[in-house]
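As structure tokens, the structure follows; a few thoughts come after it.
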There are 2 protein chains.
Amino acid sequence: MNREELFEKKPLIKLHDKLFPCPASAAMELIGGKWKSVILTHLIDGEKRYNELRKEMPTITERTLSLQLKQLEVDGLVSRKVFTKKPPLKVVYSLTKFGNTVIPVLQTIIEWGITAAIAKGEFIEQEK
Amino acid sequence: MNREELFEKKPLIKLHDKLFPCPASAAMELIGGKWKSVILTHLIDGEKRYNELRKEMPTITERTLSLQLKQLEVDGLVSRKVFTKKPPLKVVYSLTKFGNTVIPVLQTIIEWGITAAIAKGEFIEQEK
DNA sequence: CAGTATCCCGCAAGATACTG
DNA sequence: CAGTATCTTGCGGGATACTG
């Protein structure tokens, strides 16, 4: 099956030992949910430390950031590098090669998200 | 704020009376999850009846198809038209004008989903 | 600094049976 | 034909406190 056939046939896909009905659905497993796409977007700029990411996403909880980063790492989108052995720790996150392939998808989603927010939502002023 | 600024600033967005940290996150609220993107993809071909959609997505349950269609309708992506008053009912679903704006996003997601499935997943033979 | 440990809640989603 | 009604399960995600 070439890519065009795959696109047409919307084949079942096994991922994380679960079945997904279509490549779109499998993609959502990898980058869906409230936070994964946001985290990935922040990593487009380049590598970031844990607390940098936290500051850039003030409404995420530590637990959620930690869990989502871990899942992104397991799925091969993000790499985690540790630079110290003793506290204070230095840990840096960045997109892997595979993670870089998702950048155009993120940009398309954000573009449409802005369209959707204009049509259906409401922009909120950021306060300092 | 023009679109470019919105893209840079990743503003908070209110949708469904909930807050989202970024347009990407808001987009996921509208088209994320296991099934919404799949349903929308099937409606790109044109309008479909409820049972047509079910046949094209053999692994979705009636309940889930029903709930997801209802949410897509509430969010203005899908329109629902009823053609009979007495059983057997004829109900037809189609993309709205706003729903059509999401087609390029879906195509990008599917393309990347195929890439991801090749890299991280496994294609399963469809049985009849 | 970079996380864990607990506790909790709501919702997505599946299974199955029933109905206007 | 096009759905509801029930019941159940798992997981995403929030709040808060603690730690190597």
Side-chain angles (χ1 to χ4, degrees), chain A residues 12 15-22 24-26 28-39 47-75 78-94, chain B residues 12 15-22 24-26 28-39 47-75 78-94:
Chain A
L12 280 182
L15 198 63
H16 298 160
D17 263 321
K18 295 186 288 189
L19 283 178
F20 295 89
C22 166
S25 191
M28 288 303 177
E29 172 80 355
L30 296 179
I31 62 167
K34 181 169 175 177
W35 287 109
K36 279 184 191 159
S37 61
V38 185
I39 295 169
E47 56 181 36
K48 300 261 173 78
R49 297 179 65 170
Y50 179 83
N51 271 356
E52 285 185 86
L53 289 170
R54 271 193 60 189
K55 276 172 207 153
E56 293 179 9
M57 296 176 278
T59 58
I60 198 171
T61 64
E62 300 173 13
R63 170 194 148 84
T64 297
L65 178 55
S66 180
L67 287 175
Q68 298 300 315
L69 281 169
K70 206 170 285 179
Q71 191 58 55
L72 289 169
E73 195 190 351
V74 167
D75 289 334
V78 162
S79 97
R80 176 179 184 273
K81 285 177 198 140
V82 187
F83 286 91
T84 53
K85 291 171 180 169
K86 288 272 180 183
L89 294 185
K90 177 175 179 182
V91 179
V92 164
Y93 293 92
S94 58
Chain B
L12 280 182
L15 198 64
H16 297 161
D17 264 321
K18 295 185 286 190
L19 283 179
F20 295 89
C22 165
S25 191
M28 288 304 179
E29 171 80 354
L30 296 179
I31 63 169
K34 182 168 175 177
W35 287 108
K36 279 184 191 159
S37 63
V38 186
I39 295 170
E47 54 181 36
K48 299 262 174 79
R49 298 180 64 171
Y50 179 84
N51 271 356
E52 285 184 85
L53 289 169
R54 272 194 57 190
K55 276 173 207 151
E56 293 179 9
M57 295 177 275
T59 58
I60 198 171
T61 65
E62 300 173 11
R63 170 193 150 82
T64 297
L65 179 55
S66 181
L67 287 175
Q68 299 300 315
L69 281 168
K70 207 169 286 179
Q71 191 58 54
L72 289 169
E73 195 191 350
V74 167
D75 289 335
V78 161
S79 98
R80 176 179 183 271
K81 287 178 195 136
V82 188
F83 286 91
T84 52
K85 292 170 184 176
K86 289 274 180 183
L89 296 185
K90 179 177 178 180
V91 178
V92 164
Y93 293 91
S94 57

(request) Give a yes or no answer on whether the side chain of Ser37(B) reaches the backbone of Ile31(B) with a donor-acceptor pair at less than 3.5 Å. (result) no

(request) Report yes if at least one side-chain N or O of Ser66(A) is closer than 4.0 Å to OP1 or OP2 of dT4(C); otherwise report no. (result) yes

(request) Could you tell me whether the phosphate oxygens of dT4(C), OP1 or OP2, come under 4.0 Å of any side-chain nitrogen or oxygen in Tyr50(A)? (result) no

(request) Can you tell me the distance, in whole Å, between the CG atom of Leu72(B) and the P atom of dG3(D)? (result) 13 Å

(request) Please figure out whether Pro88(A) or Lys70(A) has its closest DNA chain C nucleotide nearer the 5' end. (result) Pro88(A)

(request) Starting from P on dG13(D), measure out to CD1 on Ile39(A) and report it in whole angstrom. (result) 9 Å

(message) What is the distance, to the nearest angstrom, from the CD atom on Gln71(A) to the C1' atom on dG3(C)?
(response) 17 Å

(request) Mind checking Lys86(B) for me? I need base, sugar-phosphate or nothing, with any heavy atom below 4.0 Å counting as a touch. (result) nothing

(message) Rounding to an integer number of Å, can you tell me how far His16(B) NE2 sits from dG10(C) C1'?
(response) 16 Å

(request) Could you let me know what dG20(C) is paired to, Watson-Crick or G-U wobble, both distances under 3.5 Å, or none if it's on its own? (result) dC1(D)

(request) Round to a whole Å and report the spacing from CG of Leu30(A) to P of dC11(D). (result) 16 Å

(message) What's the closest nucleotide to the side chain of Trp35(A) if the choices are dG14(D), dA2(D), dA2(C)?
(response) dG14(D)

(message) Given dG13(D), dA17(D), dC1(D), identify the nucleotide with an atom nearest to the side chain of Glu62(A).
(response) dA17(D)

(message) Let me confirm one number: the CG-OG1 distance from Leu12(A) to Thr59(B), rounded to the nearest 0.5 Å.
(response) 6.0 Å

(request) Look at the side chain of Ser25(A) and the backbone N and O of Lys34(B), then say whether any donor-acceptor pair between them is shorter than 3.5 Å. (result) yes

(message) Heavy-atom nearest nucleotide on DNA chain C for Val92(A) versus Arg63(A): which residue maps closer to 5'?
(response) Val92(A)

(message) Looking at every non-hydrogen atom in both residues, tell me the closest pair between Lys18(A) and Glu29(A) and how far apart they are.
(response) NZ-OE2, 3.3 Å

(request) Tell me which nucleotide among dG13(D), dA2(D), dA2(C) gets nearest to the side chain of Arg49(B). (result) dA2(D)

(message) Does dG13(D) have OP1 or OP2 under 4.0 Å away from a side-chain N or O of Thr61(A)?
(response) no

(message) Taking the minimum atom-to-atom distance to the side chain of Thr64(A), which one of dG3(C), dC1(D), dG13(D) wins?
(response) dG13(D)

(message) Let me confirm one number: the NE2-CG distance from His16(A) to Asp75(A), rounded to the nearest 0.5 Å.
(response) 3.5 Å

(message) Under 4.0 Å from OP1 or OP2 of dA13(C): is there any side-chain N or O of Gln68(B) that close?
(response) yes

(request) Verify the contact: side-chain N or O of Lys34(A) to OP1 or OP2 of dG14(D), cut-off strictly under 4.0 Å; return yes or no. (result) yes

(message) When you measure from the side chain of Tyr50(B) to the backbone of Ser66(B), do you find a donor-acceptor pair of N or O atoms at a distance under 3.5 Å?
(response) no

(message) Rounding to an integer number of Å, can you tell me how far Leu19(A) CG sits from dA13(C) P?
(response) 15 Å

(message) Using OP1 and OP2 only, check whether a side-chain N or O of Tyr93(A) sits under 4.0 Å from dG3(C).
(response) yes

(request) Would you kindly give the CD-to-P distance between Glu29(B) and dG13(D), to the nearest whole Å? (result) 10 Å

(request) Quickly work out the Glu52(A) CD to dC1(C) C1' distance and round it to whole Å. (result) 12 Å

